[in-house]
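Here's the structure, in structure tokens; my notes come after.
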Amino acid sequence: MAIDFGFKLSPSSAINLDRLDTEAFNRLAELEPDVRKCISCGSCTATCTAGKFYDIGLRKILIYLQRGMEKEAIEMLEHCMLCGKCSMVCPRGLNTRHIVLSISSIYKKTEQ
């Protein structure tokens, strides 16, 4: 008989960085070297107009690409309205709109 202590052990959520497919992020970094300057501060996500309605944020998209989760990144990117608010608040001065367009162009080429 198992004793219920009111909690369960969850499976590990550790990410093995050696097994990740970072090809998509590397292609983006070749096209947009500034993408490596992102410090994942979340300013872009906090000001995102679409973020009020959808789960979207450039920080998340870049993390997904770094982890090899291209499908999730592209699904999130579909909600971007290219308003440019994220560019205005970026402390590193990244042209986030251009990064979003570069990601889109990479994946339009691979789909064709």
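What you see is a predicted model; the values in this text were computed from it and never measured. Positions are given from 1 along the sequence.
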Quiz item: Do any pairs count as a salt bridge (Lys or Arg N to Asp or Glu O under 4.0 Å) and have a residue in residues 37-47, sequence neighbours left out, and if so which ones?
Solution: Asp34-Lys37

Practice problem: Would you mind listing every salt bridge (Lys or Arg N to Asp or Glu O under 4.0 Å) that reaches into residues 87-96, with sequence neighbours excluded? | Solution: none

Self-check item: Pairing residues for Asn26 by the side chain to side chain donor-acceptor pair (under 3.5 Å) criterion, not counting sequence neighbours
Solution: Thr22, Arg36

Self-check item: Heavy-atom pair with the smallest gap, counting every atom of Ser104 and Leu77
Solution: OG-CD2, 3.6 Å

Applying a strict under-4.5 Å side-chain criterion to I, L, V, M, F, W and Y, I'd like to know whether [X] and [Y] cluster together.
X	Y	value
Met88	Ile99	no
Val35	Leu82	yes
Leu58	Met69	yes

Practice problem: Please list all pairs passing the ring pair (Phe, Tyr, Trp, His ring centres under 6.0 Å) test where one or both residues lie in residues 25-55, with sequence neighbours left out. | Solution: Tyr54-His79

Practice problem: With sequence neighbours excluded, tell me which residues meet ring pair (Phe, Tyr, Trp, His ring centres under 6.0 Å) with His98. | Solution: none

Can you list, pair by pair, the side-chain donor-acceptor contacts under 3.5 Å of residues 39-50, counting residues two or more places apart and other chains?
from	atom 1	to	atom 2	distance (Å)
Thr47	OG1	Ser43	O	3.2
Thr47	OG1	Cys44	O	3.4
Thr49	OG1	Lys85	NZ	3.1

Sequence neighbours left out, what passes side chain to side chain contact (heavy atoms under 4.5 Å, CB included) with [X]? Give chain and number order.
X	value
Glu30	none
Met76	Asp55, Ile56, Lys60, Ile61, Tyr64
Leu31	Ser102, Ser105, Ile106

Self-check item: Thr96 side-chain N/O to Ser87 backbone N/O, donor-acceptor pair under 3.5 Å
Solution: yes

Quiz prompt | Value rounded to 0.5 Å, distance of CD1 in Ile103 from CD in Glu32 | solution = 9.0 Å

